[in-house]
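To start, the structure under review is shown below, and the notes come after it.
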Amino acid sequence: MQNIDQVFLYMKDEIERQAKSEEQAILNEVKALEDEAYESMKAEAKRDADLKLKQEEEEMSSNASAEISESHIERTKKLIEKRDEYVKNIFDQARDELKAFVKSDEYLPFVEAKIQRVAENFKDSQSIMYVSHDDFKNKDAFVKAFGTDIEVQASDDIQIGGFILENKASSLVVDETLDFALNNQKDWFNKNSGLIIR
């Protein structure tokens with residue numbers, strides 16, 4: 001009997017080890033894909049913006065000073081519009097890639113792993129999990145990943161995917177939505193991309 005228990009314990013440990021290994025491999029692959037796509041889009045936008053800025057600066061330097069003063073405002077406006085267009089295109093593409101990820105087989109395990117990591121701080125009856133309307137179909141899987149019963153509600157605020165956990169008693173909120181992550185990247189990009197127009 002003890003040998004059977006040891007075999008079952010060994011099998012359980014082996015399954016858990018393999019599951020953790022596969023989970024980490026999936027997370028690493030998703031992160032690598034996100035990083036690669038982001039870096040590629042960032043480099044392309046910077047090249048285009050630098051080229052446009054250089055062309056505009058050369059053109060401006062050839063004009064008379066009176067014309068420069070008047071046309072500078074218009075050119076700056078056009079550059080800002082062009083820069084904003086680049087940034088919009090970059091983040092539209094990133095949004096599309098995230099939506100494709102949400103439809104992939106890697107998405108559900110990705111979200112379940114994130115739920116498991118933060119669930120401990122929300123293990124009481126006053127916690128609520130918010131998900132997108134599309135993700136509401138995964139409600140049972142999310143509750144299972146949470147480890148205990150929790151109210152799950154669909155939220156109009158979540159357009160792409162992920163979840164928000166809120167504890168009404170402590171006012172603790174954890175936002176693990178892809179929407180929030182994308183917006184944070186947009187703020188970072190605006191501060192660090194070098195696409196500043198003077």
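Here, residue 1 is the first one in the sequence, and each next residue gets the next number.
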* Asked: What residues form a salt bridge (Lys or Arg N to Asp or Glu O under 4.0 Å) with Lys144, not counting sequence neighbours?
  -> none
* Leu108 with Val152, same ILVMFWY side-chain cluster at under 4.5 Å -> yes
List the atom pairs, with distances to 0.1 Å, where a side-chain N or O of residues 156-164 and a protein N or O form a donor-acceptor pair under 3.5 Å, not counting sequence neighbours.
{"residue": "Asp156", "atom": "OD1", "partner": "His133", "partner atom": "NE2", "Å": "2.6"}
{"residue": "Gln159", "atom": "NE2", "partner": "Asp156", "partner atom": "O", "Å": "2.5"}

* Asked: How many angstroms lie between OG in Ser127 and CD1 in Ile150, if you round to the nearest 0.5 Å?
  -> 5.0 Å
* Give a yes or no on whether Asp92 atom CG has more than 12 heavy-atom contacts from other residues, nucleotides or ligands under 6.0 Å away. => yes
* Quick one: pull up CE in Met129 and CD in Glu151 and give me the separation to the nearest 0.5 Å. => 11.0 Å
* **Flag side-chain contact, heavy atom, 4.5 Å: Glu176 against Ile115** => no
* Asked: Any side-chain heavy atom of Leu178 sitting closer than 4.5 Å to one from Phe110?
  -> yes
Below 3.5 Å, can you tabulate the donor-acceptor pairs from side chains in residues 134-141 to any protein atom, sequence neighbours excluded?
{"residue": "Asp135", "atom": "OD2", "partner": "Tyr107", "partner atom": "OH", "Å": "2.4"}
{"residue": "Lys137", "atom": "NZ", "partner": "Asp134", "partner atom": "O", "Å": "2.8"}

* Asked: Can you find a pair of side-chain heavy atoms, one from Glu166 and one from Leu172, that are under 4.5 Å apart?
  -> no
* Asked: Which distance, rounded to the nearest 0.5 Å, do you find between the CD of Glu97 and the OG of Ser104?
  -> 12.0 Å
* Asked: Under a 4.5 Å cut-off applied to non-hydrogen side-chain atoms, are Phe146 and Leu165 in contact?
  -> yes
* **Joint hydrophobic cluster, Val111 plus Val143, side-chain heavy atoms closer than 4.5 Å** => yes
* Asked: Heavy-atom distance under 4.5 Å between the side chains of Leu182 and Leu98, does that happen here?
  -> yes
* To do: Following the transitive rule for hydrophobic clusters with a side-chain heavy-atom cut-off under 4.5 Å over Ile, Leu, Val, Met, Phe, Trp and Tyr, establish whether Phe142 and Val118 coincide in one cluster.
  => yes
* hydrophobic_cluster_shared for Phe101 and Phe180, side chain cutoff 4.5 Å -> no
* Please round to the nearest 0.5 Å and tell me the distance separating atom CZ of Phe122 and atom NZ of Lys168. => 12.0 Å
